[in-house]
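We count ligands from 1, going down the list as the structure has it; atoms in each ligand are counted the same way.
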Amino acid sequence: MSQIALVTGAAQGLGLAIASRLFAAGHSVVITDLSLERAQAAADRLDPSGERSLALRLDVGSKPDFEAALAAVLDRFGALHAVVNSAAMTRTTPVMQISPEEFDQVMSLNTRSIFIGCQVFGAHMAAAGYGRIINMASLAGQNGGTATGAHYAASKGAIVTLTKIFAKELAASGVTVNAIAPGPIESPAVRAAVPAERMDGLLANIPVRRLGDADFLGDLVVQLARPEAYFTTGATWDVNGGLFMR
Ligand SMILES: NC(=O)c1ccc[n+]([C@@H]2O[C@H](COP(=O)([O-])OP(=O)(O)OC[C@H]3O[C@@H](n4cnc5c(N)ncnc54)[C@H](O)[C@@H]3O)[C@@H](O)[C@H]2O)c1
Ligand SMILES: CC(C)C1=CC=C(C(=O)O)[C@@H](O)[C@H]1O
């Protein structure tokens, strides 16, 4: 089956890696981000002919943006089978210094984006009788985080809970909703958060002594987006090098 997949926050980093693996697996991909120019540049690099890609501006804090994106995807491709809610914001302020405003900003963006994304895309998929939604959580939501902020970690814990709630709601309609909880993955965000002189210290704390691989995350998404993945829903897939074990 030729599938259409949309990824939020896909102009760079893990979102882009995931979109690239979906594209390589044969999906048509919709690359969305805050900036249309950056989304378009990523789409152009991935798919120079533009035959199997679409770039859209989608601010994940805005329900009208999600609704407009869904309409644009249906207009262009006629269907939407898989969504990866990857966009998020990170702040590293120590917990005792986070202002209520900063707390609200991070919690709101990271959790509303999942809530609205699951609602808008989930409703469409339920009506179509098929869909795959994958939400990017984090190791930080499971162990409280280290280099990342308390508000970020709390928001990622909430994403696991929202994933279960939407999974239950949509299961009978043929829509699965899963989360992926990565630990530190080789990515611009981790390189920016961990200066080169501190990288050995980070690696020493990871049981497998390596950063994770963004392409592997993309391949996991490809698997979760398959029709055959109907029997996993409401799950959180840990990809953390042994940093957190259930
Ligand atoms: N990098 C890691 O090691 C790691 C580990 C665990 C979880 N994650 C999660 O994976 C996802 C991607 O992380 P990343 O490292 O690629 O981050 P990143 O900061 O490199 O990329 C995030 C993307 O989201 C976009 N974005 C930010 N605010 C947005 C908004 N309001 N609307 C739309 N797009 C917006 C940014 O423009 C950017 O392109 C995030 O959910 C993050 O929490 C990353
Ligand atoms: C910097 C490193 C310790 C790190 C980067 C990103 C994360 C995230 O959740 O986005 C954290 O899990 C953390 O491992």
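- Taking only nitrogen or oxygen atoms, main chain and side chain alike, Ser138 does not reach within less than 3.5 Å of ligand 1.
- Where the criterion is an N or O separation shorter than 3.5 Å, residue side chain and backbone included, Leu109 fails it with respect to ligand 1.
- Ile165 and Phe121 fall into different hydrophobic clusters, where Ile, Leu, Val, Met, Phe, Trp and Tyr side chains are chained together by heavy-atom contacts under 4.5 Å.
- A continuous path of hydrophobic side-chain contacts links Val7 to Phe216 [ILVMFWY only; heavy atoms under 4.5 Å].
- Ligand-side atoms of ligand 1 in range of Ala189: 15 (O), range being under 4.0 angstrom from any heavy atom.
- By the 3.5 Å distance cut-off applied to N or O atoms, Leu14 is counted among the residues near ligand 1.
- The option with the heavy atom closest to atom 27 (C) of ligand 1, from among Ala181, Gly15, Ala88, is Ala88.
- Atoms of ligand 1 found under 4.0 Å from any heavy atom of Pro182, numbered from 1 in the order shown, are 5 (C), 6 (C), 7 (C).
- Near Tyr152, with a cut-off below 4.0 Å to any heavy atom, the atoms of ligand 2 are 8 (C), 9 (O), 10 (O).
- Residue-ligand proximity, Pro184 to ligand 2, at heavy-atom distances under 4.0 Å covers atoms 14 (O).
- A salt bridge does not link Asp47 to Arg52: none of the charged side-chain nitrogens sits closer than 4.0 Å to a carboxylate oxygen.
- For the pair Cys118 and Glu169, the minimum side-chain heavy-atom distance is 4.5 Å or more.
- Each of the atoms 3 (O) of ligand 1 lies under 4.0 Å from some heavy atom of Pro184.
- Residue contacts with ligand 1 for Ser35 are absent, since no atom lies close enough (heavy atoms, distance under 4.0 Å).
- Heavy atoms of Ala193 found under 4.0 angstrom from ligand 2 belong exclusively to the side chain.
- Using a 4.5 Å heavy-atom threshold, the side chains of Leu56 and Ile31 count as separate.
- A salt bridge between Asp238 and Arg246 is present, with a side-chain N of the basic residue lying under 4.0 Å from a carboxylate O of the acidic one.
- A distance of 6.5 Å separates CZ of Arg91 from CD of Glu102, quoted to the nearest 0.5 Å.
- For ligand 1, the atoms lying closer than 4.0 Å to a non-hydrogen atom of Gly13 are 16 (O).
- Considering both main-chain and side-chain atoms, Val60 comes within under 3.5 Å of ligand 1 through a nitrogen or oxygen pair.
- Heavy atoms of Val194 come nearer than 4.0 angstrom to ligand 2 in at least one pair.
- Interface atoms of ligand 1 facing Ser187, defined by a heavy-atom separation under 4.0 Å, are 1 (N), 2 (C), 3 (O).
- Residue-ligand proximity: Ala10 is placed with every non-hydrogen atom at 4.0 Å or more from ligand 1.
- If you number the atoms of ligand 1 from 1 as listed, the ones under 4.0 Å from a heavy atom of Asp59 come out as 30 (C), 31 (N), 32 (N).
- Closest to atom 33 (C) of ligand 1 by heavy atom, among Thr90, Ile18, Leu58, Thr8, is Leu58.
- Not counting sequence neighbours, the partners of Arg191 by the salt bridge (charged side-chain N to carboxylate O under 4.0 Å, His left out) test are Glu186.
- Of the listed options Arg112, Gln12, Arg38, Gln12 places a heavy atom closest to atom 18 (P) of ligand 1.
- With hydrogens and angles disregarded, a donor-acceptor distance shorter than 3.5 Å links the side chain of Arg57 to the backbone of Leu34.
- Within a 6.0 Å sphere centred on CD of Glu51, heavy atoms belonging to other residues, nucleotides or ligands number 12 at most.
- Linking ILVMFWY residues whenever their side-chain heavy atoms come closer than 4.5 Å, directly or via other members, leaves Leu80 and Ile134 in distinct clusters.
- Contacts of Leu34 with ligand 1, taken as heavy-atom pairs under 4.0 Å, involve both backbone and side chain.
- Partners of Asp59 according to the salt bridge (charged side-chain N to carboxylate O under 4.0 Å, His left out) rule, which considers only residues two or more places apart in sequence or in another chain, do not exist here.
- If you number the atoms of ligand 1 from 1 as listed, the ones under 4.0 Å from a heavy atom of Val190 come out as 1 (N), 2 (C), 3 (O).
- Ligand-side atoms of ligand 1 in range of Ser86: 11 (C), 12 (C), 40 (C), 41 (O), range being under 4.0 angstrom from any heavy atom.
- Taken from CG in Leu74 to CD1 in Ile4, the straight-line distance is 10.0 Å, to the nearest 0.5 Å.
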